[in-house]
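Working notes, structure below.
In this text, all values refer to a predicted model and were calculated from it rather than measured experimentally. The sequence lines fix the lettering, A, B, ..., with proteins before strands; numbering per chain opens at 1.
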Protein chains: 2
Amino acid sequence: MSYKEKKVITIGVVSELTGLSERQIRYYEERKLIFPERTKGGTRKYSFTDVERLVDISNKMEDGMQTFEIRKMEQKQLRQTELREKMLRGQLNAAFNIRK
Amino acid sequence: MSYKEKKVITIGVVSELTGLSERQIRYYEERKLIFPERTKGGTRKYSFTDVERLVDISNKMEDGMQTFEIRKMEQKQLRQTELREKMLRGQLNAAFNIRK
DNA sequence: CGTGTAAGGAATTCTGACACG
DNA sequence: CGTGTAAGGAATTCTGACACG
């Protein structure tokens, strides 16, 4: 796993990097938009990918979007990505079968 | 600046990532081998580059090297890198001057 | 709904020092 | 020299709740 995805940053630093309050960051977790890991003691740990996602969430919130809309939108994008990959695989298989 | 060099990791996480004790990590700073940043409150913050350097230091310590030797070695490598670049620039300049 | 805040407690980190060797 | 540890304090984070709207 690359450094970008490694969960190592505490909430205070994430707050500085994103400009969001700790309250907001915890709330977005409650709304299933972000998934930090925890230390044994229970302290949250975030990755740079999480930081990027939070900035994105922040922009969407400023545009008046609600948390559940953001969640839905991300799920939709995920489904479409999967669909695209599925179709691509299908075409590759077809091309392969024609040749043999 | 890339994520790899951004100082965002607290000493507890660095300890886990490197296998070094917090005492060791602070001591290597005292010996000028590592240079974390600080939060306003005074908490140390490290980068992934620092983590890599600490693993390297750890290996050298296991090989019986002393902290001042490690520091000297790194300074030496830095000087040689600078020297190489200097010579390279010199050759490029010479080649350029010949042509004009 | 999204966010601020005060509250009390727990986890984390800090420094300076003593110890061993 | 390099590292462990106990000590006391400060900074950081956590949760659940009340407030506003």
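Considering B/Lys7, B/Lys45, B/Arg44 in turn, B/Lys7 is the only one that fulfils the side-chain hydrogen bond (donor to acceptor under 3.5 Å, both in side chains) rule with B/Asp50.
Of all non-hydrogen atoms in A/Val14 and A/Ile9, the two that sit nearest each other are CG2-CG2, 3.8 Å. Residues A/Ile34 and A/Ile25 share a closest heavy-atom pair of CG2-O, 4.1 Å.
Between B/Glu85 and B/Arg89 there is a side-chain heavy-atom pair separated by less than 4.5 Å. Using a 4.5 Å cut-off on side-chain heavy atoms (C-beta onward), B/Thr67 and B/Leu33 make contact.
Under 4.0 Å is where a charged nitrogen must lie from a carboxylate oxygen, and between B/Glu82 and B/Lys86 no such pair does.
Listed by first and then second residue, the salt bridge (Lys or Arg N to Asp or Glu O under 4.0 Å) pairs involving residues 53-65 of chain A are A/Arg53-A/Glu74, A/Asp56-A/Lys60 (not counting sequence neighbours). Annotation: ring pair (Phe, Tyr, Trp, His ring centres under 6.0 Å) contacts involving residues 26-45 of chain B, sequence neighbours excluded, are absent.
Around the CE atom of B/Met87, the shell of radius 6.0 Å holds no more than 12 heavy atoms that belong to other residues, nucleotides or ligands. Around atom NZ of A/Lys6, no more than 12 heavy atoms belonging to other residues, nucleotides or ligands sit under 6.0 Å away.
In the region residues 18-38 of chain B, proximity to DNA chain D at under 4.0 angstrom, judged on heavy atoms, holds for B/Ser21, B/Arg23, B/Gln24, B/Tyr27, B/Tyr28, B/Arg31. Less than 4.0 Å separates DNA chain D from at least one heavy atom of each of the following residues of residues 41-71 of chain B: B/Gly41, B/Thr43, B/Met61, B/Gln66, B/Thr67. Remark: B/Thr10, B/Ile11, B/Gly12 in residues 5-15 of chain B come within less than 4.0 Å of DNA chain C through at least one heavy atom.
The closest donor-acceptor contact from the side chain of A/Ser15 to the backbone of A/Leu20 lies under 3.5 Å.
A centroid separation of less than 6.0 Å is found between the aromatic rings of B/Phe48 and A/Tyr3.
Pairing analysis of DNA chain C (Watson-Crick: purine N1 to pyrimidine N3 plus N6-O4 or O6-N4; G-U wobble: N1-O2 and O6-N3; both under 3.5 Å) yields stems of 3 or more pairs at C:2-5 with D:17-20, C:17-20 with D:2-5.
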